[in-house]
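Notes follow once the structure below has been shown.
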Amino acid sequence: MTFTYLDHNATTPLLPVVKEAMAPYWQGVTGNPSSMHRSGRMARAAVEQARDQVAELVGAHASQVVFTSGGTEANNLALKGMAGYHPAGLLLVGATEHASVQETAVALSHRGWLLEKTVVENRGRVLLAQTQSTLAQAPAMVSVMWANNETGVIEDIPALAEWAQAQGAVMHSDAVQAAGKVEIDFAGSGVQLMSVSAHKLGGPKGVGALIVDKSLTLEPLLHGGGHEKGYRSGTENVAGIVGFGVAAMAAQQHLQTEGRRLRTLRQQLERGLLAVTGIEVVAQDAERLPNTVCFIIPGVDAEMLVNKLDRAGFAVSSGSACGSHKAVGSSVLAAMGYAPDMAQAALRVSLGQGNTEQDIERFLTALAAQLQQLMPGNRRSLA
Amino acid sequence: MSKPIYLDYSATTPCDPRVAEKLCQYLTMDGEFGNPASRSHPYGWNAEAAVERAREQVASLICANPREIVWTSGATESNNLAIKGAAHFYKKRGNHIVTVKTEHKAVLDTCRQLEREGFEVTYLDPEANGLVDLGKLDAAMRPETILVSIMHVNNEIGVIQDIAAIGKLARSKNIIFHCDAAQSAGKIDIDVDAMHVDLMSLSAHKVYGPKGIGVLYVRRKPRIRLQAQIHGGGHERGMRSGTLAVHQIVGMGEAFRIAKEEMATEAERLRGLRDRLLDGLEDIEEVYINGDLDHRVPGNLNISFNYVEGESLIMALKNLAVSSGSACTSASLEPSYVLRALGRSDELAHSSIRFTMGRFTTEEDVDHAIELVKAKIDKLRQLSPLWDMYKEGIDLDNVQWAAH
């Protein structure tokens with residue numbers, strides 16, 4: 001049986017070109033970038049080249065890139081790092097944030113921060129005026145994700161950043177799902193802190209970055225040695241960072257063509273899904289990532305369907321890999337106003353490099369077969 | 001130009017080819033690249049199975065239970081998580097921490113941070129040989145002491161602390177004992193139960209594994225609890241969130257498996273190489289060995305060459321990849337704080353070289369290094385007015401230098 005991977009928002013396979021670039025750093029001596037001798041200096045040069053490449057992808061300056069162990073650490077560093085240098089105030093986070101922002105925000109609420117969530121419309125985007133009217137005071141920090149991991153909905157980050165700035169707040173955006181899929185311009189966005197991750201864009205797991213505006217000072221999360229200009233101590237993951245750099249470069253090169261290709265595949269998938277009575281594509285008319293479709297099949301247990309599809313050879317998910325919402329369904333959909341039975345009937349398909357038209361056709365056929373079994377009374381056709 | 005001889009295995013080690021081969025199978029579409037947190041398809045399950053196998057391999061080297069292994073991004077994060085995590089969780093029990101002046105920066109800087117948060121930290125002086133005096137440690141412990149953090153093997157001088165005795169002492173007073181074992185794992189035996197260790201930091205890239213991955217061992221019986229330092233998703237039983245870097249974890253597992261298998265024979269070989277290096281350098285005039293020679297890991301030799309300036313020595317030895325002090329502090333021109341803590345003068349601390357040998361070091365490498373060091377020391381001393389004065393019998397310590 002062939003397996004078709006349709007879960008690229010959980011993680012992506014490494015691009016072959018990335019593996020090739022990383023391989024030399026696992027063969028022979030790769031120095032410690034802090035060492036002064038030649039192998040140390042070569043490792044340092046490789047790290048700095050990758051810093052340029054990552055900066056280039058997101059429209060930042062290399063000096064603003066702080067390498068971390070991944071998106072989760074970057075989100076933690078952004079919020080806790082700011083909180084370390086700020087008197088406790090109001091922290092406003094998006095209602096549909098990833099667990100690493102939500103749970104970090106909760107941790108800060110135990111340190112005296114007042115935690116508020118944004119009001120979102122039914123397509124998942126922040127409603128600024130309504131949100132503002134619920135706030136007891138001006139926020140000191142705002143964190144809203146660039147694009148949602150479950151629905152793919154893209155937020156109007158520059159508008160939010162402008163508002164945050166007018167409120168005197170520091171603006172952070174988790175761009176883990178957006179970077180490499182849509183164009184991001186950190187410098188032009190007005191955002192001061194932005195998280196990115198390598199393994200969501202064809203790079204390796206275990207490496208990410210926080211982009212930090214130079215006007216900010218952060219308290220580090222990890223102490224000891226003062227690496228990454230004191231923001232993040234620890235011997236650099238040289239191979240991982242090199243892989244991140246090359247993956248970022250590849251993503252940038254193919255951003256337009258791959259974006260168009262995936263968008264076409266997504267449209268093919270959505271046409272097939274919408275031909276079935278009752279299926280709803282979440283936030284269908286919102287601006288979304290070209291690769292992500294979240295859809296609801298009312299009356300179906302998504303968890304069970306995902307398992308059946310797996311046995312048929314298709315890897316999809318019923319929400320984020322990092323959320324543990326087994327019984328309650330996706331918190332993202334709940335925040336968007338979906339009832340629990342709808343949230344528990346939602347599936348996510350996230351496309352990536354290897355996927356083809358044939359994959360989509362085969363997936364639609366397999367889904368139709370499953371639905372036939374689950375609801376034999378219903379006549380469904382999936383084109 | 002030929003590559004310099006690598007004698008800096010305490011800074012980092014090359015990946016063992018067997019490790020590289022293994023971890024490369026967990027990256028691309030034709031391998032296992034899944035997210036272990038994905039519960040709904042075999043991409044995730046296979047990744048999770050690989051992670052659990054590696055957990056067993058790491059646990060096995062330190063005689064721990066796999067469920068006591070928490071993956072981190074490296075020993076620096078492990079040290080941060082252990083010390084801050086325990087201090088924050090147990091702050092109601094007390095606010096005092098004991099550590100030693102020769103610890104790694106990841107421990108010392110973390111303790112400094114806790115001081116800023118209101119904790120009290122005692123930084124013990126080691127003895128002149130680098131070892132901690134148990135009586136002095138005992139005396140430093142107070143009723144409000146919640147944590148003792150002492151490294152197993154020092155990264156600069158390679159000395160081995162009596163961890164079992166320290167652990168026993170801490171346990172008898174109900175104080176949590178954290179041990180940074182980044183430099184000892186894979187070099188000497190570790191048994192967390194016999195050593196009464198509660199928390200232990202481990203790193204892959206010092207044991208021929210990849211950079212960017214480490215472990216914190218967290219004891220289950222008696223249970224040690226920590227406040228998480230990285231939140232989001234609740235991975236690693238809530239102690240450390242974030243997508244697991246499967247290939248790196250697999251690499252660390254394989255590296256630790258190999259280390260366990262080959263440690264005994266490899267230690268013997270490295271001791272031979274170290275003795276060969278020592279024999280070759282010992283007869284140079286005015287050399288001083290830093291740190292106890294008996295209680296020391298096999299591959300380490302740290303020597304001060306008196307009347308030679310450290311930075312020019314490193315420059316002269318550019319065909320050797322060696323260091324003066326640890327890599328994490330080598331960017332600074334300050335003399336090694338470890339050697340200063342041993343009571344070495346600034347001059348001797350400044351003129352020290354750390355040679356650390358490892359799996360791929362050969363007798364030829366050592367012989368070549370000896371030859372090179374001898375020639376360069378000779379040359380540098382010929383240029384040194386201090387050396388001339390010393391040879392003329394002038395007591396340099398009592399010279400009154402004129403101010404300019």
Side-chain angles (χ1 to χ4, degrees), chain A residues 3 5 7 10-14 16 19 23 26-32 34-40 69-70 72-73 75-76 98-104 106-107 199 204-207 221-225 233-240 306-307 310 315-318 321-324 354, chain B residues 4 6 8 11-12 14-15 17 19-20 23-24 27-29 33-35 37-38 40-44 73-74 76-77 79-80 104-110 112-113 205 210-213 229-235 241-248 314 318 321-323 327-331:
Chain A
F3 277 99
Y5 188 72
D7 199 12
T11 191
T12 57
L14 207 68
K19 186 177 175 183
W26 294 318
Q27 290 154 4
V29 174
T30 293
N32 184 326
S34 296
S35 293
M36 285 165 72
H37 47 66
R38 200 189 313 165
S39 61
S69 69
T72 293
E73 186 188 324
N75 283 336
N76 274 261
H98 186 262
S100 54
V101 166
Q102 285 195 30
E103 290 174 25
T104 302
V106 170
H199 80 103
K205 295 177 186 61
V207 56
L221 218 51
L222 300 180
H223 294 88
S233 290
T235 299
E236 294 86 345
N237 174 1
V238 182
V306 162
N307 287 331
D310 163 55
V316 299
S317 80
S318 55
C322 298
S324 52
Chain B
Y6 193 75
D8 204 9
T12 189
C15 243
V19 171
L23 72 83
C24 281
L27 291 167
T28 46
M29 200 42 128
F33 68 89
N35 184 335
S38 291
S40 56
H41 48 69
Y43 297 92
S73 66
T76 291
E77 188 186 328
N79 286 333
N80 274 261
H104 190 268
K105 281 281 180 203
V107 167
L108 295 177
D109 287 358
T110 301
R112 295 267 180 237
Q113 170 64 21
H205 80 100
K211 295 177 181 61
I213 184 75
Q229 300 295 305
I230 296 182
H231 293 88
H235 309 69
S241 292
T243 297
L244 295 173
V246 181
H247 65 291
Q248 310 209 108
I314 291 270
K318 62 178 184 292
V322 293
S323 73
C328 294
T329 49
S330 65

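Within every chain, numbering begins at 1; the chains are lettered A, B, ... in the order of the sequence lines, protein sequences first and strands thereafter.
- Taking chain A as the reference chain and counting heavy-atom pairs below 4.5 Å, the highest number among B:Met29, B:His205, B:Gln113, B:Lys318 is found for B:Gln113.
- Comparing B:Asn80, B:Thr76, B:Val107 by how many heavy-atom pairs each has under 4.5 Å with chain A, the most go to B:Asn80.
- For the pair A:Thr30 and B:Thr12, the tightest heavy-atom approach, listed with the atom from each and the gap, is O-CG2, 3.4 Å.
- Side-chain contact check for B:Ser40 versus A:Val316: every heavy-atom pair is 4.5 Å or farther apart.
- With a 4.5 Å cut-off on non-hydrogen atoms, B:Leu23 touches chain A through its side chain but not through its backbone.
- Closest approach of B:Pro42 and A:Asp310 over heavy atoms only: CD-OD1, 2.6 Å.
- Here B:Gly34 is the residue among B:Pro17, B:Pro210, B:Gly34 with the most heavy-atom pairs under 4.5 Å with chain A.
- Within the model, atoms OG1 of B:Thr28 and NZ of A:Lys19 stand 4.0 Å from one another, a figure rounded to the nearest 0.5 Å.
- Considering all non-hydrogen atoms of both residues, A:Thr235 and B:Lys211 come closest at CG2-CD, 4.1 Å.
- Chain B forms the most heavy-atom pairs under 4.5 Å with one residue out of A:Glu73, A:Gln102, A:Gln27, and that residue is A:Glu73.
- In this structure, chain B has heavy atoms under 4.5 Å from both the backbone and the side chain of A:Thr104.
- Remark: B:Phe33 CZ to A:Leu14 CG distance equals 10.5 Å, nearest 0.5 Å.
- Neither the backbone nor the side chain of B:Leu108 comes within less than 4.5 Å of any heavy atom of chain A.
- A distance of 5.5 Å separates CG of A:Leu222 from CD1 of B:Ile230, quoted to the nearest 0.5 Å.
- Side-chain atoms of A:Glu103 come within 3.5 Å of backbone N or O of B:Gly233 as a donor-acceptor pair.
- Of the atoms belonging to B:Val19, not a single heavy atom falls under 4.5 Å from chain A.
- Atoms CD1 and NE2, on B:Ile314 and A:His37 in that order, are 8.5 Å from each other to the nearest 0.5 Å.
- Contact annotation: the side chain of B:His231 approaches that of A:Asn76 to within less than 4.5 Å [non-hydrogen atoms, C-beta and beyond].
- Annotation for A:Ser35 and B:Asp8: closest pair OG-OD2, 3.5 Å, computed over non-hydrogen atoms.
- Proximity of A:His199 to B:Asn35: side-chain heavy atoms (C-beta onward) are separated by under 4.5 Å at one or more points.
- For B:Gln248, the part sitting under 4.5 Å from any heavy atom of chain A is the side chain, from C-beta outward, and nothing else.
- In terms of heavy-atom pairs under 4.5 Å with chain A, the best-connected choice from B:Gly74, B:Ala20, B:Pro14 is B:Pro14.
- Note: A:Leu221 leads A:Asn75, A:Val238, A:Leu221 in heavy-atom pairs under 4.5 Å with chain B.
- Among A:Gly31, A:Pro16, A:Ala239, the residue making the largest number of heavy-atom pairs under 4.5 Å with chain B is A:Gly31.
- Of all the heavy atoms in A:Tyr5 and B:His41, the pair that sits closest is CE1-CE1, 4.0 Å.
- Listed here is the closest heavy atom pair of B:Val246 and A:Lys205: N-CD, 4.0 Å.
- Separating the CG atom in B:Asp109 from the OG atom in A:Ser233 is a distance of 6.5 Å, to the nearest 0.5 Å.
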